[in-house]
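These notes are about the structure you will find just below.
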Amino acid sequence: MSAPALVTRREIELSEPHPSLAIYSTLSKRKEPFRTVEPGKVGIYLCGPTVYDKAHIGHMVGPVIFDCIKRYLKYCGYQVTWVVNITDVDDKLIHKAGERGISMLQVAEENIADYMGNLAALGVDQVDHFPRATECMGDIVAIIESLIDRGYAYASEGDVYFDVTKDPQYGKLSNRTLDAIQGDGGGTAERKRSAADFALWKSAKPGEPSWDSPWGKGRPGWHIECSAMSKKLLGETFDIHGGGLDLVFPHHENEIAQSECCHGKPFAIYWAHNGLLRRDASAGKIGGRAERERSPSPPHKAGDGIASAHKAGDGIAGPDGIAGPDEQVSGKMSRSKGAGGLAALIAHQGGQRIRFFLLRTHYRSTVLFSEEAIEEAAVGLETFYRLFKRYHRITRGDFYHLSAPAHRSEDTAAAASGHAALAAAAVCKQKFLAAMDDDFNTGAAIGELFELAKIANRFCDEHNLEGGGADNATMGDLTMLMATIKELSNILGLFLKPPALPGGHVANEALLGKVMQLVIDLRAEARKAKNFATADAIRDGLASAGVKLEDRAGGTEWSGGDAATLERVVQLLINLRQTARQNKDYAASDAIRHRLGEIGVKLEDRGGETEWVR
RNA sequence: GGCGCCGUAGCCAAGUGGCUAAGGCAUCGGAUUGCAAAUCCGACAUCGUGGGUUCGACUCCCACCGGCGCCUCCA
């Protein structure tokens, strides 16, 4: 009966190793040269979320690093297929649906929308497939049947369990022995042959969502969907399987058992697990047990109040999933909130900062996460934005549209023949690639990006590019330096496009209000000093910016303006200051700069013109 | 209790058995600027503690201290 089962796994032959790339695998517990199942092709499967609630920042770690991994593998010439599964059927979803009085599918749809919005904001756009468990029932049932046929699984009162004692390799990923595994001692324990057996199929209780199967109505166990989906989209053996470190056991251990017992050959070649995020040095992972138990009010989480307030009229999945304006307004609140505030966090930090923050640390490390930490990291990011502006000032070229090599090549020729700066940049590129080759060390790679920024800035300084030294050949060299930065930052998915303004429109309007108040004050002071030329210049300047002033008894009111007003009003102030400087009235010019500074606008004099940044 | 991981400057964070222990933030000098900002140059660590292996360890081994994960849902 179970005679044909329990076959030993057949080894499979892999491609020649990549000459330099090595990946750490949880399975072998060491870095291994990278070989693929099929030459030139890579299949990646990343465990995505169970969509019973809004995503938290911890859910983004895997997608961000794997987005880089895919970009890098493509850069190295591989054809990559990346799958991220969505678990849209599970006990928690059922409970949540019951709580809220909507269907499980509705719960899933809402949270999937939220998840997708978060991914997009962080620049994760390399995923090829997002299979959902509910869309793969046929594949799931087929694998379970096959496991029963082969003697690895057994049906029991409508449930189906995997018999871990039949798999001699069970425990190899998480390095544990059968007697070290307690299993869940819950209500289904008596249906199992041994405590460590896990469910492949769970019979439905009345009223629960269910699917037909040879064992009656029910739903899949947590692990089996991944075996089914990866087989469907990537084949029985594929290259890289990823997920959070907390999934090693039991989830991934069980996936291996299911798939390898079913197919008789290796499941995934490399297991890449990302480290977990923590809030404090002694806090436990975000979204983890400790955090949940600490929270004093169990029924409602951070986002719920906001969400429900808006839900009243608008039926199905509201705007919550994509950082609606309500969440921006309440951004301050979310600072102290935990899981659930991701959309709000993105709304006022911007996805690029978060991505950069996550990439500064090696993906297997634990990261202490806080909004303050993101803000600190973001200071460094400004170096690049300033450099891009500088590049534009000098060449009128747009960094974001620079063309850069999409594939890896050792351009030693350019290094040897070029100037010192180009040679130095080539060394940085080599180090950058060496870092990525070494288990995707994005932290070290980013260090080289900073080094490149310094080289480019120094090049501009040394050749006096902003003071008239910009001949075509020199600008061409500068463009080559910038293109190297472009080429490498593309791999990390950074600087793909200009960063969204932190805070978006809300912050813009707040700033415009402050700037307008300053302008009105300055005009009032000018009038008081009978400096009518200045006062009128202000009013005329505002008029051409679309703003009307009306002097009232209680003060001056303003109206009008559009999206471009902020820029034009600040420009007006810059012009006023410029006039004062030309008249050597430094007291007046410095006062303008100082008062702008107080409301968060910094002025920077460059070459002939003045720039402002918030 | 079992299986693992981490501890590098004020903070964040790479890294290596032996060259100057990346990079970022902060700080302090200098150049530059009318003054600033930005930019550049320079300064700033002996790698948790105690042993051991070695010609030589921060890097390997052991112990201890501190922190974390998994062993039940979890990215």
Give each protein N/O atom lying under 3.5 Å from an N/O atom of nucleotides 23-31 of chain B, with the pair distance.
residue, atom, partner, partner atom, Å
B/rG24, N2, A/E376, OE2, 3.0

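- Pairing for B/rC58 is absent, with no Watson-Crick or G-U wobble pair whose two atom distances lie under 3.5 Å.
- Between the side chains of A/E110 and A/Y115, no donor N or O sits under 3.5 Å from an acceptor N or O.
- For B/rC73, there is no paired base (Watson-Crick or G-U wobble, both distances below 3.5 Å).
- B/rC5 and B/rA38 have their C1' atoms separated by 42 Å, given to the nearest Å.
- Distances shown here put a side-chain N or O of A/N457 below 4.0 Å from the OP1 or OP2 atom of B/rC40.
- Here A/R390 lies in heavy-atom contact (under 4.0 Å) with sugar-phosphate atoms only.
- If you measure from atom CG of A/D590 to atom C1' of B/rA37, you get 12 Å, rounded to the nearest angstrom.
- Map A/T177 and A/G243 each onto its nearest nucleotide of RNA chain B; the residue landing nearer the 5' end is A/T177.
- With rounding to whole Å, A/E382 atom CD is found 11 Å from B/rA38 atom P.
- Within 3.5 Å, no donor on the side chain of A/N441 pairs with an acceptor on the base of B/rG15, nor the reverse.
- Between A/R458 and B/rC41 there is a side-chain polar atom (N or O) within less than 4.0 angstrom of OP1 or OP2.
- Pairs of residues two or more places apart, or lying in two chains, never qualify as ring pair (Phe, Tyr, Trp, His ring centres under 6.0 Å) while including a residue from residues 580-614 of chain A.
- Nucleotides B/rG50 and B/rA43, compared at atom C1', are 33 Å apart to the nearest Å.
- A/D437 and A/Y72 are linked by a side-chain donor-acceptor pair at a separation below 3.5 angstrom, with hydrogens and angles left out of the test.
- Within 4.0 Å of A/T50, counting heavy atoms only, lie sugar-phosphate atoms of the nucleic acid but no base atom.
- Toward the 5′ end of RNA chain B lies the nearest nucleotide of A/Y586, the other residue of the pair A/V61 and A/Y586 mapping further downstream.
- In this structure, A/F369 atom CZ and B/rC12 atom P are separated by 16 Å, rounded to whole Å.
- The C1' atoms of B/rC12 and B/rG30 are separated by 27 Å, rounded to the nearest whole Å.
- Counting only residues at least two apart or in different chains, salt bridge (Lys or Arg N to Asp or Glu O under 4.0 Å) contacts with residues 574-586 of chain A comprise A/R577-A/D605, A/R581-A/D605.
- Closest to the side chain of A/P250, from the set B/rG34, B/rC73, B/rA38, is B/rC73.
- Nucleotide B/rC5 forms a Watson-Crick or G-U wobble pair with B/rG67, both donor-acceptor distances falling under 3.5 Å.
- Counting any heavy atom pair closer than 4.0 Å across all strands shown, A/L46 reaches no nucleic acid atom.
- Look at B/rA22: it lacks any Watson-Crick or wobble partner with both distances under 3.5 angstrom.
- In this structure, A/S365 reaches the B/rA14 phosphate: one of its side-chain N or O atoms is under 4.0 Å from OP1 or OP2.
- Taking only side-chain atoms of A/C47, from C-beta outward, the nucleotide of B/rC40, B/rA75, B/rG4 with the closest atom is B/rA75.
- Here A/G443 lies in heavy-atom contact (under 4.0 Å) with a base.
- The base-pairing partner of B/rC28, taking Watson-Crick or G-U wobble contacts with both distances under 3.5 Å, is B/rG42.
- As a whole-Å value, the separation of A/R364 CZ from B/rA75 C1' is 17 Å.
- Closest to the side chain of A/L276, from the set B/rA38, B/rG69, B/rC35, is B/rG69.
- A/D605 comes within 4.0 angstrom of a nucleotide base, judged by non-hydrogen atoms across all strands.
- Minimum heavy-atom separation, A/V570 to A/V601: CG1-CG1, 4.4 Å.
- With hydrogens and angles disregarded, a donor-acceptor distance shorter than 3.5 Å links the side chain of A/N111 to the backbone of A/V107.
- We find that CZ of A/F384 is positioned 14 Å from C1' of B/rU39, with the value rounded to whole Å.
- For the pair A/D88 (side chain) and A/T134 (backbone), a donor-acceptor distance under 3.5 Å is present.
- The interatomic distance linking A/R393 (CZ) with B/rU39 (P) rounds to 11 Å, in whole Å.
- In the set B/rA75, B/rG67, B/rC40, B/rA75 carries the atom at the smallest distance from any side-chain atom of A/L277.
- Aromatic rings from A/F267 and A/H241 are positioned such that their centres are separated by under 6.0 Å.
- The line from OG1 of A/T50 to NE2 of A/H59 is 7.5 Å long, rounded to the nearest 0.5 Å.
- When both pairing distances are held under 3.5 Å, B/rG17 makes no Watson-Crick or G-U pair with any nucleotide shown.
- Taking atom P on both B/rU59 and B/rG67, the two are 22 Å apart, rounded to the nearest angstrom.
- In this structure, the NZ atom of A/K96 is 14 Å from the C1' atom of B/rC73, given to the nearest Å.
- With B/rA75, B/rU39, B/rC73 as the candidates, the nucleotide lying closest to the side chain of A/K92 is B/rC73.
- Rounded to a whole Å, the CD atom of A/E611 is 15 Å from the C1' atom of B/rA36.
- Judged by distance alone, the side chain of A/D197 and the main-chain N or O of A/S194 form a donor-acceptor pair under 3.5 Å.
- Between A/N175 and B/rG4 there is a side-chain polar atom (N or O) within less than 4.0 angstrom of OP1 or OP2.
- Residues A/R30 and A/E32 are not paired through a salt bridge, judged by the lack of any N-O separation under 4.0 Å between the basic side chain and the carboxylate.
- Within the nucleic acid shown, A/R577 comes within 4.0 Å of at least one base atom, counting heavy atoms only.
- Contact annotation for A/H362: backbone-only contact, meaning every heavy-atom pair under 4.0 Å involves sugar-phosphate atoms and none involves a base.
- Donor-acceptor pairing under 3.5 Å, judged by distance alone, is absent between the side chain of A/R386 and the base of B/rA38.
- Nearest nucleotide to the side chain of A/T361, out of B/rA13, B/rG34, B/rA37: B/rA13.
- Within 4.0 Å of A/G597, counting heavy atoms only, lies no atom of the nucleic acid at all.
- Taking the P atom of each, B/rU8 and B/rC58 are spaced 15 Å apart, rounded to whole Å.
- For A/K602, no side-chain nitrogen or oxygen approaches OP1 or OP2 of B/rA36 to under 4.0 Å.
- B/rA9 and B/rC47 have their P atoms separated by 9 Å, with the value rounded to a whole Å.
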